[in-house]
Amino acid sequence: MNIDFIHRESFIELDARARAHSLLDAGTAREILGPFDRVESPWLLMQGVTPQADDGCVVMKGKIAGQAAVVIALEGAFQGGSMGEVSGAKLTAALDLACADCEKGRPTSAVMLLETGGVRLQEANLGLAAIAEIMASILALRKHAPVICVTAGTVGCFGGMSLAAGLSSYILLTREARLGLNGPEVIEQESGVDEFDSSDRALIWAIHGGEQRYATGLADALVEDDTQQVAEAVRQFVLKGVPLVHRSSQVSLYRERIAALDTSRQWDPMELRATWGKSGDEKEKR
Amino acid sequence: MEQIEFDYPAKRRVTGRAHVGVVGSGDLEVLLEPRDGNGAHVFIRTSVDGFRDTWKAVMDRFFSRYDGSVGIQINDAGATPGSVLLRLEQAVEVSER
């Protein structure tokens with residue numbers, strides 16, 4: 001797990017395009033609807049926001065471990081990686097084309113690199129609709145081939161896209177990553193600072209952090225911020241194929257977990273690890 | 001949000017294209033590609049209004065050293081003039097690789 005800090009190649013420091021490229025077998029990557037195709041958001045200009053030529057969504061087709069795969073990477077630096085009409089359509093279409101290939105007898109896995117706050121507020125309902133479509137497409141594809149979610153940081157994966165992550169076959173996180181439905185600032189805004197202090201970084205990572213999510217059985221792999229480690233973990237998931245049971249299909253397990261939780265007192269993150277970390281073994285642990 | 005366009009005389013034909021940067025706070029995205037006909041054309045969309053003269057100064061400086069007949073599109077999210085010039089130079093480097 002521990003690698004030389006100086007000699008590692010950070011994954012977090014890569015932009016979306018370089019991240020997608022780094023996961024595909026050398027020489028196989030081909031970008032679809034790249035920046036020069038200029039398929040950008042038509043809604044941002046109207047609201048005085050500068051659009052990006054690829055709408056912050058990079059789609060790359062190629063091979064992983066010698067098998068056909070598509071990588072979809074969201075650019076966290078552009079509008080917080082938010083999902084708009086165009087970026088959502090690119091992600092949905094990539095998943096649907098992978099699904100169509102699977103049905104034609106050409107298994108194609110999908111890797112989603114999610115650095116996103118969820119719906120792009122400037123595109124409101126279109127973003128919500130896009131996320132509903134993405135979730136439907138994940139459910140269709142994951143029957144045939146694994147859908148792998150990678151959240152490395154620093155944005156994390158929140159809002160509607162955390163639901164998309166939840167539906168994926170495998171979730172891969174780093175210690176720097178955060179994964180949750182409502183982000184810390186949203187919780188503080190809605191329920192007050194007593195409920196969640198969004199300036200308390202230790203608290204945030206104790207709840208949403210990659211290490212905690214992995215330790216409570218809500219993620220399948222925890223890797224260092226190292227490009228080779230991330231790529232190797234993704235390769236292993238591709239080779240593993242579709243899991244016997246998807247996490248999101250284990251409804252009774254999670255219902256029982258929540259029902260058994262005594263909410264009359266405050267639980268701390270380490271207690272949750274001890275309680276939940278061991279009860280999720282229905283699925284084979286890595 | 002402001003849109004600005006400039007034209008510069010340029011004779012040298014170029015073949016490569018380049019995409020660098022991201023439309024993130026304090027940064028910008030540059031798309032540089034070969035352009036038919038004589039002259040370079042620059043199309044800028046910036047989130048910060050009222051800096052046309054500054055953009056002109058940066059572009060004048062860039063084209064005092066670069067003579068490629070290219071189309072340049074810039075999507076800017078409040079980059080400083082220094083960052084703009086560095087991104088432009090990076091785009092040239094990538095396009096000539």
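The figures here come from the full heavy-atom set of this structure, side chains too, leaving out hydrogens, waters and symmetry mates. Proteins get letters first, then strands, A, B, ... in listed order; numbering begins at 1 in each. Given the structure is predicted, the values throughout are model-derived calculations rather than measurements.
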Specify the closest pair of heavy atoms between B/Leu31 and A/Pro35, including all atoms of both residues, with the distance to one decimal.
CD2-O, 3.5 Å

More than 12 heavy atoms of other groups within 6.0 Å of B/Phe51 CZ:
no

Side chain to side chain contact (heavy atoms under 4.5 Å, CB included) assessment of B/Met1 paired with A/Val49
CA-CA 6 Å; B/Met1 175 81 210; A/Val49 178; over 6 Å; no

Can you list everything that forms a side-chain contact (heavy atoms from CB on, under 4.5 Å) with B/Arg12? Sequence neighbours excluded, please.
B/Val14, B/Tyr66, B/Asp67, B/Glu96

Would you mind checking chain B against chain A for donor-acceptor pairs under 3.5 Å and listing them?
{"residue": "B/His19", "atom": "ND1", "partner": "A/Arg17", "partner atom": "NH1", "Å": "3.3"}
{"residue": "B/Val23", "atom": "N", "partner": "A/Gln52", "partner atom": "OE1", "Å": "2.8"}
{"residue": "B/Glu29", "atom": "OE1", "partner": "A/Ala53", "partner atom": "N", "Å": "3.0"}
{"residue": "B/Glu33", "atom": "OE2", "partner": "A/Arg38", "partner atom": "NH1", "Å": "2.8"}
{"residue": "B/Glu33", "atom": "OE2", "partner": "A/Arg38", "partner atom": "NH2", "Å": "3.0"}
{"residue": "B/Arg45", "atom": "NH1", "partner": "A/Glu40", "partner atom": "OE2", "Å": "2.9"}
{"residue": "B/Arg45", "atom": "NH2", "partner": "A/Glu40", "partner atom": "OE1", "Å": "2.8"}
{"residue": "B/Arg45", "atom": "NH2", "partner": "A/Glu40", "partner atom": "OE2", "Å": "3.3"}
{"residue": "B/Ser47", "atom": "N", "partner": "A/Thr50", "partner atom": "OG1", "Å": "3.4"}
{"residue": "B/Gln73", "atom": "OE1", "partner": "A/Arg38", "partner atom": "NE", "Å": "2.7"}
{"residue": "B/Gln73", "atom": "OE1", "partner": "A/Arg38", "partner atom": "NH2", "Å": "3.2"}
{"residue": "B/Asp76", "atom": "O", "partner": "A/Thr50", "partner atom": "OG1", "Å": "3.0"}

Which one wins on heavy-atom pair count under 4.5 Å against chain B: A/Pro51, A/Gly34, A/Ala77?
A/Pro51

Pick one of side chain, backbone, both or neither for B/Leu32, based on which atoms fall under 4.5 Å of a heavy atom in chain A.
backbone

